[in-house]
Colleague: 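First the structure, which I've put down as C-alpha cells, then a few questions once you've had a look.
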Amino acid sequence: MLRLSCVDRWAASPRALDVIAALSAFVLMFLDVPGLDRSTDNPLNGFTATLVLAAGAATLVLRRRAPWVPYVVALFLMGWLHELTMIQFALYSLGRFRGRRVAVLATVLYVATAYTLFHTSLWPVPHGDELSDFLSLVIPIGVLASAVGIAAYRQDLVRALECQRAEAAARQAVQDERISVGRDVHDLVGRELTVLAVRAEVLAVRARGEEHQKGFEELADTARRAHHMLNETIVRRADGGAGTPGLEGLCALAEESERMGSPVALTVAEEAKALSPLRQTAVHRVVQECLTNAAKHAPGLPVTVSISVAGRDLRIEVRNPLPKTPPDRAPVSTGTGLFSMEERVTSMGGTLSAKADGDVYRVTALLPTGFARA
C-alpha cells in the first residue's frame, strides 16, 4: 500500500508529468531516426540524431516555468531536421501554461517560420511543389496543439474558480452560522439574564432593611455584568475573534474618509457612549458602510454624521450632498451594502431608511438603546 501511495503521488506531481511529456516526445521523434539516418541532406547519423532529439525533448521539463525554451528548440529542430513532433508539444505547453494570446502568437510565428523554410533551400521539398499539401500538414498541427492547450488552460481556470467559490461559500456558511448562534445566544440567554437582574432588583426592594437585601443587590449586579460580558463575547465571535471597534473607532473612520477626499463632520452624543458593545458595533458598521458609499457615489463632497439619543431610541443619521454629475468611473459595488446595514439594524429591533431628500442623500437608522427605564 505504501508503494502504491508513493506511485500515485509521483504520478500526480507536475514534475513527473513534465518528465512523461518529455519521454513521450522523444519516443515519437525516435521513430523518425531511421529516416533521418537515410536522408542525404542530413549530416547526422542515427546515433547523433538520437542524442540531438533526446536533448531537444529534455527541454520539455521546463515547459511550465519557461515554455518558450522548448518552443525555440522545436523551431530549430523543424528547420534543421524537418522534425514537426516537438512543435506540437511546445505549442500545447504555451497554450496550457500561458493562455490564449501567447498560444495564438506562437502559432502564427510557427506557421510563418514553416512557410519561410519551405521557400528556402533548408526544406527538402522543391520550391513551389506541393505547397497546399505542406500547409495542410503544418497549419492543423499548430492550431490543434494550441487549441488543446488553451482548452486545458481554461479548464484549469474554471477549476480554480470553482475551488475559490467553494472556499468562499464554506467561509460564508461558517460566518453565517457564527452570527446565527451569536444572535440566538444573545436573544435567549440575554433575555434570561435581564429577567434575572430585574427579579433580583425587585427582591432587593422587597427585602429592604433585611439581611437578604445586599445579597439580592449583588445578584442583580452579577446578572448585569454577565449580560455585558455576553455582548462583548458575541461581538468578538462575530468578527472572527478580533474585537470590533465601537464608537471610539468612528474618529478613525472619519480620518480615513477625509484622506479619500470626503471631509466628515462627526457628532456623537455623550449618552451614546453608554451603549452596549453589541449596539456600538452596529453603529460602527452602519457609519462605515455609509462613508464607503459616499466615497463611491459622491467623491469629494462633505459628509455629516450625527449620533444622538432621544428617549429610548438611538438615532444615526448620515447625509451627503448628491453630486451634480455622476463619477467619471462607475463605482465598484456588490449591491449588498444597504441590505447588510438594514439586516443588521432590523435584527436588533431597529429601522433603517436610505433615500434622496432633495439635493441630499440621507441614511437614518433608529435603534433601541437598551437603557433601563429611569
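Hydrogens, waters and symmetry mates are skipped; everything else that's a heavy atom, side chains included, is used.
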Colleague: So, K273 and E271, do they make that salt bridge, N to O below 4.0 Å?
Modeller: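 Salt bridge: no.
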Colleague: Do M86 and L60 pass the side-chain contact (heavy atoms from CB on, under 4.5 Å) test, and can you show the C-alpha distance, the side-chain angles, and the key distance before you say yes or no?
Modeller: CA-CA 9 Å; M86 181 70 180; L60 286 171; 3.7 Å; yes
Colleague: When rounded to the nearest 0.5 angstrom, what is the spacing between CD in E258 and CG in L253?
Modeller: 11.5 Å
Colleague: To the nearest 0.5 Å, what is the distance between CG (L157) and CG (L161)?
Modeller: 8.5 Å
Colleague: Would you mind reporting whether V360 and L322 have side-chain heavy atoms less than 4.5 Å apart?
Modeller: no
Colleague: What distance separates E317 CD from T267 OG1, expressed to the nearest 0.5 Å?
Modeller: 10.5 Å
Colleague: For the residue pair W80 and F76, categorise the inter-ring angle as parallel (less than 30°), tilted (30 to 60°) or perpendicular (more than 60°).
Modeller: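 Ring orientation, 0 to 90° scale: tilted.
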Colleague: Report yes if the side chains of V303 and L291 come closer than 4.5 Å at any heavy-atom pair, otherwise no.
Modeller: yes
Colleague: Please report the shortest heavy-atom distance between V363 and C290, naming the atom on each side.
Modeller: CG1-SG, 3.6 Å
Colleague: In the single-linkage hydrophobic clustering (I, L, V, M, F, W, Y; side-chain heavy atoms under 4.5 Å), do L75 and Y92 co-cluster?
Modeller: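 L75 and Y92: separate clusters.
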Colleague: State, yes or no, whether a side-chain contact exists between D313 and T369 at a heavy-atom distance under 4.5 Å.
Modeller: no
Colleague: Can you give me the closest heavy-atom contact between A22 and A57, atom names plus distance?
Modeller: CB-O, 3.3 Å
Colleague: More than 12 heavy atoms of other residues, nucleotides or ligands under 6.0 Å from CZ of R98: is that the case?
Modeller: yes
Colleague: Do you know which two heavy atoms are closest between V138 and A114, and how far apart they sit?
Modeller: CG1-CB, 3.7 Å
Colleague: Do L62 and F97 share a hydrophobic cluster, counting only Ile, Leu, Val, Met, Phe, Trp and Tyr and linking them when any side-chain heavy atoms are less than 4.5 Å apart?
Modeller: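 They do not share one cluster, since no chain of ILVMFWY contacts under 4.5 Å joins L62 to F97.
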Colleague: Are L352 and L366 connected in a single hydrophobic cluster, I mean Ile/Leu/Val/Met/Phe/Trp/Tyr linked by side-chain heavy atoms less than 4.5 Å apart?
Modeller: no
Colleague: Taking the side chain as every heavy atom from C-beta outward, state whether H297 and P323 have any pair of such atoms under 4.5 Å apart.
Modeller: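 Counting from C-beta outward, H297 and P323 never come under 4.5 Å.
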Colleague: Taking the side chain as everything from C-beta on, heavy atoms only, tell me whether I307 gets closer than 4.5 Å to L250.
Modeller: yes
Colleague: How far apart are the closest heavy atoms of G300 and S262, and which atoms are they?
Modeller: N-OG, 3.3 Å
Colleague: Got more than 12 heavy atoms from elsewhere within 6.0 Å of CZ, R159?
Modeller: yes
Colleague: In the structure I gave you, are the side-chain heavy atoms of K355 and R362 within less than 4.5 Å of one another anywhere?
Modeller: no
Colleague: Which pair of non-hydrogen atoms, one from Y110 and one from M78, has the smallest distance, and what is that distance?
Modeller: CE1-SD, 3.5 Å
Colleague: Output, in order, the C-alpha distance, side-chain angles, deciding distance and verdict of side-chain contact (heavy atoms from CB on, under 4.5 Å) for S146 and L94.
Modeller: CA-CA 7 Å; S146 298; L94 284 170; over 6 Å; no
Colleague: Would you say the side chain of D359 lies within less than 4.5 Å of the side chain of P321, judging by non-hydrogen atoms?
Modeller: no
Colleague: Evaluate the side-chain proximity of T346 to T351: yes if any heavy-atom separation is below 4.5 Å, no if none is.
Modeller: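 A side-chain contact under 4.5 Å is absent here.
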Colleague: Measure across P368 and R279 and return the closest heavy-atom pair with its distance rounded to 0.1 Å.
Modeller: O-NE, 2.6 Å
Colleague: Does this structure show an ion pair linking R165 with E167, if we count only N-O contacts that are shorter than 4.0 Å?
Modeller: no
Colleague: Quick check for you: to the nearest 0.5 Å, what is the distance between I316 atom CD1 and R285 atom CZ?
Modeller: 13.0 Å
Colleague: Could you tell me the separation between the CG atom of L28 and the CD atom of E83, rounded to the nearest 0.5 Å?
Modeller: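 So the gap between those two atoms works out to 9.0 Å.
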Colleague: If the threshold is 4.0 Å, N to carboxylate O, is there a salt bridge linking D18 and R15?
Modeller: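 Looking at D18 and R15, the cut-off is not met.
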Colleague: Would a distance-only check, ignoring hydrogens and angles, find a side-chain to backbone donor-acceptor pair under 3.5 Å from Q280 to L247?
Modeller: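 Side chain of Q280 to backbone of L247: a pair is present.
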Colleague: For the side-chain contact (heavy atoms from CB on, under 4.5 Å) test, which of L53, L81, L84 pairs with M29?
Modeller: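 When side-chain contact (heavy atoms from CB on, under 4.5 Å) is applied between M29 and each of L53, L81, L84, only L53 qualifies.
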Colleague: Could you walk me through whether V102 and W68 pass side-chain contact (heavy atoms from CB on, under 4.5 Å), step by step?
Modeller: CA-CA 10 Å; V102 174; W68 286 106; 3.5 Å; yes
Colleague: Could you tell me if T364 and S353 have a donor-acceptor pair between their side chains, going purely by distance under 3.5 Å?
Modeller: no
Colleague: Would you sort out whether L144 and V148 count as a side-chain contact (heavy atoms from CB on, under 4.5 Å), showing the intermediate values?
Modeller: CA-CA 6 Å; L144 181 60; V148 174; 4.2 Å; yes
Colleague: Is there a path from V264 to V268 through hydrophobic residues (I, L, V, M, F, W, Y) whose side chains come within less than 4.5 Å of each other?
Modeller: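 V264 clusters together with V268.
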Colleague: For the hydrophobic clusters of this structure (ILVMFWY residues joined by side-chain heavy atoms under 4.5 Å, transitively), does one cluster hold both L91 and V104?
Modeller: no
Colleague: Indicate yes or no for a side-chain donor-acceptor contact from S24 to the backbone of I20 under 3.5 Å, with no hydrogens or angles considered.
Modeller: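 It does hold such a pair.
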Colleague: Can you list the residues that meet the ring-ring contact (aromatic ring centres under 6.0 Å, His included) rule with F89, with sequence neighbours excluded?
Modeller: none
